[in-house]
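Take a look at the structure set out below.
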Amino acid sequence: MESRASDPPSPTSPSPSRSSSPPRIRRLEASVVNRIAAGEVIQRPSAAVKELVENSLDAASTSVSVSVKDGGLKLLLVSDDGHGIRHEDLPILCERHTTSKLSKYEDLQTIKSMGFRGEALASMTYVGHVTVTTITEGQLHGYRVSYRDGVMEHEPKPCAAVKGTQIMVENLFYNMAARRKTLQNSNDDYPKIVDLISRFAVHYMNTNFSCRKYGSNRADVHTVGGSSRLDAIRTVYGASVARDLMEISVSDDNPTRSIFKMEGFISNSNYLAKKTTMILFINDRLVDCTALKRAVELVYSATLPKASKPFIYMSINLPSDHVDVNIHPTKREVSLLNQDSLIDTIQSAIEAKLMSSNSTRIFQTQVVSSSLPTTQISTRKDKEHSIANSGVQSQKIPVNQMVRTDSRDPFGRLHSYWKDGSQSSKQEKKSDLASMRSVVVARRNWKENTDFTSLDQLVREIDSNVHPGLLDIVKDCTYIGLADEVFAVLQYNTYLYLVNVVNVSKELMYQQVLRRFSKFNAIQLSEPAPLQDLLLMALRDEELETRGDETETNDDLKEKIALMNIELLKEKEDMLENYFGIKMEDGSLIRLPVVLDQYIPDMDRIPEFLLSLANDVDWDDERECFQTVSAVLANFYAMHPPILPNPSGDGIRYYRKNREEVGLEAEILVDKSDEEQVDEELVAEAETAWSQREWNIQHVLFPSMRLFLKPPKCMATDGTFVQVASLEKLYRVFERC
């Protein structure tokens with residue numbers, strides 16, 4: 001007993017005094033209650049701005065201006081041109097639970113204004129210094145009065161004023177040390193305020209909004225009322241966002257499910273972003289709805305690349321008695337009647353719209369690609385080879401070598417086999433979300449659907465051979481532009497690099513072929529492309545490149561070689577179709593795989609691709625077969641310079657109509673009148689091809705490279721990545737100067 005008595009008391013056991021005398025319950029002082037409530041309603045400066053802007057909109061304002069200093073901690077200034085505040089209402093303006101929005105609880109069932117509790121202004125006076133300047137219509141002057149702790153510091157003073165109300169909040173959270181510490185970076189909240197005003201500006205398109213830092217001449221948000229919704233989005237978020245939006249509307253009037261009407265805009269399949277932007281207004285009230293946001297993201301994740309997030313603007317209108325607005329201190333959230341049914345209806349509508357958008361996107365991409373030029377003259381390599389051998393001799397090219405399809409039809413193009421994507425996309429369209437997700441999951445988890453040790457080895461080789469330094473560059477680089485036909489310039493931190501576009505795109509395509517193994521989408525050809533014709537084209541081009549113009553052609557030998565290659569490809573038809581998405585039937589090419597989304601290869605290189613597929617693949621060993629077929633596909637899909645020479649600069653000489661009649665020296669010295677004698681149609685095709693390639697490099701290759709490419713170690717030494725400038729070294733040079 002003595003040893004137990006000497007033990008220290010347990011912290012969990014109640015002391016005798018505590019058990020015998022419970023703590024008293026006290027009524028808190030009003031100032032303490034108000035300050036606690038104020039910290040809940042005004043959580044940060046952006047919350048105060050939201051309350052003030054909503055009051056301005058409730059006052060029927062057509063113009064709202066916001067100025068912010070030190071992230072809102074030093075100063076918040078919100079001005080509007082609304083109906084103002086009566087002089088006789090100023091004494092109770094900032095008392096708790098004083099409002100003009102309702103008079104009895106039942107009014108909440110039909111409330112249409114954004115404010116209704118009468119807590120916001122009162123809360124601001126308990127955590128900051130509030131000054132109100134206001135004038136109502138018909139008055140000769142306005143009034144200014146300051147508030148602290150919910151009461152006026154002095155009687156309203158007459159002053160000059162413009163129509164409406166101006167509320168200034170200074171030294172926010174001056175008496176809440178812990179809150180100020182959490183907001184010690186004064187710039188943290190300004191982006192949130194800008195985002196908030198941007199959302200209001202999109203929805204209230206008939207109201208002028210501006211938001212700027214105090215003392216700045218430039219507004220970070222500035223909109224003019226009277227524009228359309230899409231124009232408002234374009235003004236606030238930029239043309240690049242507005243360009244990729246689709247209008248959507250859906251409604252339901254079945255009382256057993258839900259009664260609502262939704263209108264808005266959603267991003268299409270071309271939109272790329274790392275963060276979801278969702279602007280949601282319910283009965284004209286800016287709110288958040290986590291369940292709806294997750295449902296929308298679920299639809300997009302099933303159809304878009306993993307890193308892509310949507311842009312959503314929605315305005316939902318419901319009967320007032322179907323919405324409970326009084327569930328959150330800052331009115332950020334609302335409760336909806338039949339919420340699950342409403343979300344399901346909206347989700348289905350977005351899914352259908354997005355799938356329709358995906359079909360349209362494929363069709364548009366194919367139309368652009370089908371306009372790419374095909375070859376009417378020999379390849380750039382052919383020309384350089386000819387120039388090197390002939391010196392200044394005339395480069396006379398036979399007509400049958402200038403045309404890749406048929407010398408009797410100079411306008412024949414391989415793209416005549418190209419199919420309108422609207423038909424194939426209809427076959428691939430899936431309306432059920434579950435089936436869409438299963439396809440995506442299957443593609444992302446291909447290991448669960450294939451059982452090839454050799455394929456697994458090839459993928460592991462890619463993962464184990466990654467250069468960590470180049471991987472960092474690839475993930476965080478910024479595209480600058482093209483330096484020449486092969487190299488692009490990119491920036492990483494303070495360094496500039498030259499990147500071999502052909503090598504990088506070839507490696508990316510190779511890795512994508514292996515990772516999409518047996519799970520390819522299809523590029524359908526409108527008409528079967530005869531393998532024999534394509535292989536004969538490739539053999540003639542190969543002979544021209546290796547032996548020159550004067551070589552006698554042996555057409556019988558070429559036909560035999562072509563037939564042997566066709567027989568080989570026929571034997572491998574099933575394997576090529578099932579594993580690589582290359583479909584051949586009855587001696588014709590029917591379908592090609594989609595190796596990289598939103599990208600279609602140069603169709604002029606199909607003959608070279610088929611010849612390489614027949615001759616450069618090791619068909620005997622499984623691992624070597626998969627590797628070499630992937631390499632052949634990668635070379636075909638790589639972003640090589642177009643076959644038509646670049647018409648800019650000296651390249652224009654290849655397009656002169658009189659080039660067969662004059663020598664090279666004469667071409668260089670030709671006068672300006674002769675320079676105009678060019679094949680304008682061919683020049684236009686070439687310019688389109690080169691500009692399309694540059695667009696693909698910037699908007700398809702580099703974004704995909706950041707997401708998917710794992711650069712091998714050899715790229716650090718083979719000239720694929722070359723550092724050309726360092727900001728630090730440039731500064732040293734300038735310092736010496």
Side-chain angles (χ1 to χ4, degrees), residues 28-59 64-80 85 92-101 113-132 145-153 165-197 199-200 211 214 285-288 325-334:
L28 294 176
E29 295 181 4
S31 60
V32 177
V33 173
N34 291 329
R35 190 172 296 178
I36 293 174
E40 186 178 25
V41 175
I42 307 300
Q43 299 172 354
R44 55 192 313 128
S46 57
V49 172
K50 180 176 182 292
E51 298 287 352
L52 295 175
V53 170
E54 288 179 344
N55 284 345
S56 296
L57 294 170
D58 285 340
V64 180
S65 175
V66 179
S67 296
V68 181
K69 185 176 183 180
D70 290 346
L73 294 178
K74 194 71 174 177
L75 174 71
L76 287 174
L77 186 64
V78 178
S79 306
D80 64 59
I85 303 169
I92 64 169
L93 174 65
C94 292
E95 290 184 8
R96 283 173 60 83
H97 307 305
T98 57
T99 180
S100 62
K101 314 298 173 57
S113 62
M114 282 172 277
F116 54 86
R117 290 200 191 104
E119 286 186 313
L121 280 176
S123 297
M124 292 178 207
T125 65
Y126 284 98
V127 294
H129 303 143
V130 177
T131 301
V132 177
V145 60
S146 299
Y147 296 86
R148 180 171 296 187
D149 294 339
V151 297
M152 294 191 302
E153 292 186 305
T165 302
Q166 180 187 83
I167 298 181
M168 180 169 59
V169 183
E170 299 175 284
N171 301 321
L172 197 60
F173 305 125
Y174 74 96
N175 54 358
M176 301 178 69
R179 184 69 57 87
R180 287 189 72 90
K181 286 181 180 179
T182 62
L183 299 169
Q184 56 186 342
N185 186 346
S186 61
N187 291 322
D188 276 352
D189 237 47
Y190 184 67
K192 297 180 184 295
I193 295 172
V194 171
D195 179 65
L196 177 73
I197 301 302
R199 292 167 184 262
F200 278 116
C211 179
Y214 184 77
R285 184 187 304 274
L286 178 61
V287 296
D288 293 334
V325 298
N326 191 29
I327 67 168
H328 195 275
T330 63
K331 305 183 289 292
R332 189 181 66 185
E333 297 177 359
V334 295

Indicate yes or no: at least one non-hydrogen side-chain atom of [X] is less than 4.5 angstrom from one of [Y].
{"X": "Val130", "Y": "Met168", "answer": "no"}
{"X": "Leu121", "Y": "Leu52", "answer": "yes"}
{"X": "Leu196", "Y": "Val49", "answer": "yes"}
{"X": "Leu77", "Y": "Val68", "answer": "no"}
{"X": "Leu75", "Y": "Val169", "answer": "no"}

Interatomic spacing from CD in Glu95 to CE in Met152 - rounded to 0.5 Å: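 Glu95 atom CD to Met152 atom CE measures 9.0 Å (nearest 0.5 Å).
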I need the Phe200 CZ to Asp195 CG distance, nearest 0.5 Å. 11.0 Å
Positive for side-chain contact (heavy atoms from CB on, under 4.5 Å) with Leu93, one of Val151, Val132, Val145: Val132
Ile85 and side-chain contact (heavy atoms from CB on, under 4.5 Å): which partner among Thr165, Ile167, Asn55?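 Considering Thr165, Ile167, Asn55, a side-chain contact (heavy atoms from CB on, under 4.5 Å) with Ile85 is found only for Thr165.
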Ser146 and Thr131: side chain donor to acceptor below 3.5 Å: yes
Show your working on side chain to side chain contact (heavy atoms under 4.5 Å, CB included) between Glu51 and Met124 and close with a plain yes or no. CA-CA 10 Å; Glu51 298 287 352; Met124 292 178 207; 3.9 Å; yes
Contacts of type side chain to side chain donor-acceptor pair (under 3.5 Å), residue Thr125, not counting sequence neighbours: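 Side chain to side chain donor-acceptor pair (under 3.5 Å) list for Thr125, sorted by chain: empty.
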Side chain to side chain donor-acceptor pair (under 3.5 Å) partners for Ser67, two or more places apart: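 Scan of Ser67 (side chain to side chain donor-acceptor pair (under 3.5 Å), adjacent residues dropped) gives none.
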Give the minimum heavy-atom separation between [X] and [Y], together with the two atoms involved.
{"X": "Ser46", "Y": "Lys192", "answer": "CB-CB, 4.1 Å"}
{"X": "Ile193", "Y": "Gly71", "answer": "CD1-O, 4.3 Å"}
{"X": "Leu172", "Y": "Gly72", "answer": "CB-O, 3.9 Å"}

Side-chain donor/acceptor of Asn175 to backbone N/O of Tyr126, under 3.5 Å: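 At least one qualifying donor-acceptor pair exists.
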Is the backbone of Gly128 close enough, under 3.5 Å, to the side chain of Asn171 for a donor and an acceptor to pair up by distance? no
Sequence-distant partners of Glu153, salt bridge (charged side-chain N to carboxylate O under 4.0 Å, His left out), two or more places apart: Arg148
For this output row, return yes or no: ring centroids of Tyr147 and His129 closer than 6.0 angstrom. no
Give the intermediate values and the outcome of side chain to side chain contact (heavy atoms under 4.5 Å, CB included) for residues Ile42 and Phe173. CA-CA 9 Å; Ile42 307 300; Phe173 305 125; 4.0 Å; yes
